[in-house]
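What follows is a set of notes on a single structure, which appears directly below.
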Amino acid sequence: MFKKEIISLLSKEINLKPEQIENLIETPPNPEMGDYAFPCFALSKKLKKSPDKIAEKLFKKLKPTKEIEQIKPIGPYLNFFINKKELAKQIIKINANFGKTNLGKGKKIAIDFSAPNIGKPMHIGHIRSTIIGDSLMRTYNFLGYNPIGINYLGDVGLHIGKLIVAYELWLNKKNLKKNPVNELLNLYVKFNAKEKTNPKLTEQAKEKLKKFELGDLKTEKIWENIRKVSAESFNKIYEMLNINFHETIGQSQFSDKGKQIVINALEQKIAKREPDQAVYVLLDGKKKFILRSNQTASYITQDLGAAVSRFKKYKFDKMIYVTDFRQKQHFDSLFSLLKAMKYDFADKLVHLTFGAVKFGKEIMATRKGQIILLQDVLNKTIEKARKEIKKRKTKGDKTKVGIGAIKYIILKNEPAKDVQFSWEQALSFEGNTGPYLQYSYARASSIIKKAKKTKAKISNHLTKEEIALIKKISLFPEIVERAGKLMNPSLIANYSHELAQTFNEFYHSNKVIGNKNQTFRLKLVQAFRTCLKNSLYLLGIEVMEEM
RNA sequence: GCUCCUGUAGCUCAGCGGAUAGAGCACUUCCCUCCUAAGGAAGGGGUCGCAGGUUCAAAUCCUGUCAGGAGCACCA
C-alpha cells in the first residue's frame, strides 16, 4: 500500500518512468533488511557508476517521509522501511469493501464456463471449468466489471445421437426412474463398447442427429427427457456449489443462426462448398469445415452462431471461454473464422485453457465410464467433514467444509497445469487445504467473540508477527488485481493460504485477550477476518464463525 | 511428422529477471493446567529435466535437446 510513496520518491531522483520503477521494486528476502528494495543495477550502465555507489548516492538525496520511515543502502540495493504504525492504522480501518476497485467500471466481460454435456454426469474433470469460471465471475465483479456468466450446455452433437439410439435400443425404465443419470451413463458406455464391433450404430447415431435437427417429434421427446433429467442433476450440483449463471442455454439453440452465418460467408465468397455440399473456409491453407455434407450444423457452426448472438445481445468488452486445453485449436479456429468473416468483436474473445484432472496416470473420461463422479466426491468430502465436526463437537457446517475442500483443490493450481486428484488429498483437511483456511477464520472469530470490546490504540512496539500480518493483509488488493488481469484464481488461493499461515503464527505467539495491547490486536484480528473472508469469497469458499 | 502445454524436495504444488530457491503432505522430535491441536515450533530432504546463449544478474528470457501429456475429424 505504501509502494506508491516509494515510487514518487524515487521518480524525483531517477530518470525512469513510474511504471519502470514499479517493475523494479521488489521485496527483500528478509524483513530485517527492509520492506521494499530498489536494485540499482539497471542504472549503473547509464550513470557509469557501480550500483553500490548509486544506492549510496540515492540514500543521501532521499529524505524519509511519514510513510517511509527509513531508507538504507545495502550493497547495490536501496532498501526502504515503511512506517508500520502508519500501515497498521490503515489496516485496522479496512471494511468489507477491502480489495474492491472500480477498475472495470462500465466494462462487460462475458464468461462462458461449466458447459456440461447433457446425458452425461458431471465428473471431477468437468468441475474445473465450473469452479474457475465462478471464481473469475466473482473476481471481475470485485474489480468493478460487469461479468455475465453463460452456461452453454452441450445439448446436441454426435454424443446425443448416440445416446438417443442407445435409449431406444436398451433403456431400462426402472433404472431410469431410480437413478436417471446413472442409467444414461450406462447407455452411453454400452453404445461406445458396441460401436467398436458394429459401425452401423455410428451411422444410426448420425441419422438420429439429423432427424432431431429436422424436428422429428419422437426423437425430440426422448431428447427432451434426457435434457430434463440432466438439468435436474446439474442444478443439484450448482446449488451445492453455490454457483449461478446469468444465462443457461443449449448449443442447439444456435444451429439456425450458425447456418445463416455459413450462408452469408458463402455469399461473400469467404466460404466454399465441396462437391458433396459440405462447407469450409480455408484457414492457413487448411480446410476448416463449418457445415456437414448432410447440411447439419456441427459444433463450430453453433459456436459461430452463439458468439455472434452473444455479442449482439451483450456488447461485451471481452468474452472468456473457460475450457479444457484440448480445445485450444478449436477456439483458435473459431476466432480466426470470425475474423475472416469480418466480425470486429473477434479481437475481444479469449480462450482460457486449463489442464487435465488426473487420477493416477489416467485422465478422466466419460467414454469408458472410468470416472469419478462429482456427486460422489462431494458426498464423500461432506461425510468426512461431518465426522470431523462430530469429533470436535463444534457447530461447523459440513457442506461448507466439504465443498470448500474440493474448490480449494481445484483452484490452488495454476489453470495451465494438470490437477492430480487423489482421495487421500480430497479427504485431507490439514495443511494447504480449504478447511485449514476456514479453520483459521473460525479461530479469529472465536477470539473476537470472547473478547470484550474496547477502543483501539496502537502500541509502541509492534511484534514481528503483528507486522508480518499487517503487511500480508496489505497485499490483498494487488493480488486481486493481478488475478483478474492474468485470469488466474490460484494467485488468490495461494495468497489465502499464506495469509492464514501468517495469522496462525501470530495467534500462537501473541495473546490477544488479556494482553495490554488487546484493543489493537482485536482490531488486527478483525482486519484479518475481513481480508480472509473477501479472499475466500473470490474463490467461492464460504466461512463459518465456528468449526 | 507438425503444433500446443507441462518438467522445481520422495509426493502435491508456489516462485517466472535480482540478495541464502519456498509451502503443504510424508518422515524425526517438541508444544493442549495457554483465545478451538482442522493449529504451532524445530530438523533432515534440491546439480530448479539436460546443453548452449542473452544479461552486471537466469529456476525465471531465447535457442536446441530429452521426457510426459494433448491436439492435428464433415466429434464435442
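Chain identifiers are assigned alphabetically (A, B, ...) following the order of the sequence lines, protein sequences preceding nucleic acid strands; residue numbering begins at 1 within each chain.
Looking at heavy-atom distances under 4.0 Å, A:Val279 makes no contact with the nucleic acid at all. Among the protein residues, A:Tyr507 comes within range of the nucleic acid bases, having at least one heavy atom under 4.0 Å from a base atom. Within 4.0 Å of A:Glu274, counting heavy atoms only, lies no atom of the nucleic acid at all. Within the 4.0 angstrom heavy-atom criterion, only backbone atoms of the sugar-phosphate kind lie near A:Gly157; the bases stay farther away. Within 4.0 Å of A:Asp303, counting heavy atoms only, lies no atom of the nucleic acid at all. Using a 4.0 Å heavy-atom cutoff across all strands shown, A:Ala278 reaches at least one base atom of the nucleic acid. Among the protein residues, A:Lys511 comes within range of the nucleic acid bases, having at least one heavy atom under 4.0 Å from a base atom. A:Leu158 comes within 4.0 angstrom of the backbone, heavy atoms only, and of no base. Residue-level contact check: A:Asn515 touches neither bases nor backbone, having no heavy atom under 4.0 Å from any strand. Note on A:Ala356: nothing from the nucleic acid sits closer than 4.0 angstrom, heavy atoms only. When heavy atoms are screened at a 4.0 angstrom cut-off, A:Ser298 is found touching the sugar-phosphate backbone but no base atom. Counting non-hydrogen atoms under 4.0 angstrom, A:Tyr436 reaches the backbone sugars and phosphates but no base. A:Gln501 comes within contact range of the sugar-phosphate backbone alone, with a heavy-atom separation under 4.0 Å but no base atom that close. The residue A:Glu430 sits close only to the backbone: its heavy atoms come under 4.0 Å of sugar-phosphate atoms, none of a base.
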Give me, pair by pair, the N or O atoms of the protein and of nucleotides 13-16 of chain B that are less than 3.5 Å apart, along with how far apart they are.
from	atom 1	to	atom 2	distance (Å)
B:C13	OP1	A:Asn413	ND2	3.4
B:C13	OP1	A:Asp418	O	3.1
B:C13	OP1	A:Gln420	N	3.2
B:C13	O5'	A:Asn413	ND2	3.4
B:A14	OP1	A:Glu414	N	2.8
B:A14	OP2	A:Lys417	NZ	2.8

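B:C56 sits 33 Å from B:G45 when the C1' atoms are compared, rounded to a whole Å.
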Does the pair A:Glu388 and A:Lys391 meet the rule for a salt bridge (Lys or Arg N to Asp or Glu O under 4.0 Å), with working shown? CA-CA 5 Å; A:Glu388 293 290 321; A:Lys391 196 166 88 189; 3.6 Å; yes
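Relative to the side chain of A:Ile447, the nucleotides B:C4, B:C35, B:G71 differ in distance, and B:C35 lies closest.
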Pairs of donor and acceptor atoms involving the side chains of residues 280-290 of chain A, under 3.5 Å and at least two apart or interchain, shall be tabulated with distances.
from	atom 1	to	atom 2	distance (Å)
A:Lys287	NZ	A:Glu274	OE1	3.4
A:Lys287	NZ	A:Glu274	OE2	3.3

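A salt bridge links A:Arg386 to A:Glu383: one of the charged nitrogens lies within less than 4.0 Å of a carboxylate oxygen.
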